[in-house]
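To start, the structure itself, in structure tokens.
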Amino acid sequence: MTGTADRQVPEQQRLWVEDPVPRRRMPDPVRTAAVRAVIIVALTLTQAVTAFLCTLAGSWLAFPMVLSSVASTVVATWGVLDVWITRQVWNQRHGVVSAPSSTARSLRRERRRARRAARAAERKQNRIRRGRSGRLSHP
């Protein structure tokens, strides 16, 4: 029996190939703050939905739940800001890995050349003023 099972079908080439880009791991303090913020925000959203449903049901719990939802929103905002501030502080203290663009690199090279030329001209001018003996004036 010669059917499709006997034939070797070449593997089709995929149209989209993803190259895994290694992402740098978040620093521990930033990751801790992010986990804390996600938990707080999740609890706040759950509390807000519960407050909304209690309000629709006309339950006596509606008013306390709405008040605590407002307080939880303030805490959740603090949690998100904490992540941002912790990240900024970490970057400031430990430096950020940056790869300057080629234009920035060339501008820096030009400034460095100009500074070197200015220093060389100043040294040459100082040598001319002092003369060969190294003294400022001859007696």
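The figures that follow rest on heavy atoms only: side chains count, while hydrogens, waters and symmetry mates do not. Quick caveat, the model's predicted, so the values are computed rather than measured.
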I'd like to check the salt bridge (charged side-chain N to carboxylate O under 4.0 Å, His left out) partners of Arg87; sequence neighbours left out, ordered by chain and number. none
Distance (rounded to the nearest 0.5 Å) between Leu67 CG and Ser72 OG: 11.0 Å
Hey, can you pull the donor-acceptor pairs under 3.5 Å for the side chains in residues 26-38, sequence neighbours left out?
from: Asp28; atom 1: OD1; to: Arg31; atom 2: NH2; distance (Å): 2.3
from: Arg31; atom 1: NH1; to: Met26; atom 2: O; distance (Å): 2.8
from: Thr32; atom 1: OG1; to: Asp28; atom 2: O; distance (Å): 2.8
from: Arg36; atom 1: NH2; to: Asp82; atom 2: OD2; distance (Å): 2.9

Treating Ile, Leu, Val, Met, Phe, Trp and Tyr as nodes and any side-chain heavy-atom pair under 4.5 angstrom as an edge, say whether Val49 and Leu56 lie in one connected cluster. yes
Ignoring hydrogens, what is the shortest heavy-atom contact between Leu61 and Cys54? Give both atom names and the distance. CB-SG, 4.1 Å
Nearest 0.5 angstrom please: Leu43 CG to Ile40 CD1, how far? 8.0 Å
For residues 68-77, which residue pairs pass the salt bridge (charged side-chain N to carboxylate O under 4.0 Å, His left out) check, not counting sequence neighbours? none
Does one hydrophobic cluster hold both Val89 and Leu81, with members joined at side-chain heavy-atom distances below 4.5 Å? yes
Can you check whether Thr44 reaches Val75 side chain to side chain, under 4.5 Å on heavy atoms? no
